[in-house]
Amino acid sequence: MSEKAGRDLGDWAIRCWVREHWNGFLRERWLEHLQGRAFWIELDREDYGLLQREFRDSCPLFDEIFRRIKRGDENLDILNWAIDEGIGTDDVIDILEAIDINSRRIECKFAIRLSQAH
């Protein structure tokens with residue numbers, strides 16, 4: 001927004017970015033970390049490269065689940081998709097548990113500081 005405006009729009013622009021983009025930004029960094037493409041100190045060291053260790057032999061089901069996670073789907077979305085497609089949920093649940101989306105959510109602490117400052 002600041003770039004488009006040609007000037008710094010300050011805290012308001014930052015809060016808007018956090019609200020609109022934080023979750024997607026974090027999910028991308030988290031997936032890079034899980035894939036072993038980039039190490040992010042803010043994320044669990046043990047998770048780095050997890051997908052390479054757990055899913056060495058990529059399969060179409062894993063690839064599709066990973067694609068859905070990357071686009072922003074949640075566990076319930078993926079389970080509903082599997083049920084709708086007649087895919088056995090045991091394998092889907094095993095993959096989702098290994099990836100463990102829900103335990104890796106990080107709140108943007110910067111946004112908290114901004115809201116407390118006003």
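No experiment lies behind these values; they were computed from the predicted model shown.
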Looking at every heavy atom in both A98 and L50, which two are closest together, and how far apart are they? O-CD2, 3.2 Å
As an exercise, state the distance from NE2 of H21 to CD of E28, rounded to the nearest 0.5 Å. 13.0 Å
Are D47 and D100 close enough that some pair of their side-chain heavy atoms sits under 4.5 Å apart? no
Do the side chains of F39 and I41 get nearer than 4.5 Å, heavy atoms only? yes
Tell me, do F62 and D91 make a side-chain contact under 4.5 Å, heavy atoms counted? no
Quick one: is the NZ or CZ of R29 closer than 6.0 Å to the six-membered ring centre of F25, and within 45° of its axis? yes
Just how far is it from atom CD of E64 to atom CG of D73, taken to the nearest 0.5 Å? 9.0 Å
How about CZ on R45, more than 12 heavy atoms from neighbouring residues, nucleotides or ligands closer than 6.0 Å, or not? no
Compare all side-chain heavy atoms of W30 with those of I99 and state whether any distance is below 4.5 angstrom. yes
Would you compute the distance between atom CD of E54 and atom CG of D94 and round it to the nearest 0.5 angstrom? 10.5 Å
Decide if the gap between the ring center of Y48 and the ring center of W40 is smaller than 6.0 angstrom. no
Let me confirm one number: the CD1-CG distance from I101 to L31, rounded to the nearest 0.5 Å. 7.5 Å
Non-hydrogen side-chain atoms of R27 and I69 separated by less than 4.5 Å: yes
dist D90:CG -> I87:CD1 (nearest 0.5 Å) comes out at 13.0 Å
Can you find a pair of side-chain heavy atoms, one from Q52 and one from L34, that are under 4.5 Å apart? no
Are F66 and I93 linked, directly or through other ILVMFWY residues, by side chains that come within less than 4.5 angstrom of each other? yes
What's the separation between atom CD1 in I65 and atom SG in C59, rounded to the nearest 0.5 Å? 7.5 Å
Side-chain contact test, heavy atoms from C-beta onward, threshold under 4.5 Å: evaluate it for D77 versus E74 and give yes or no. yes
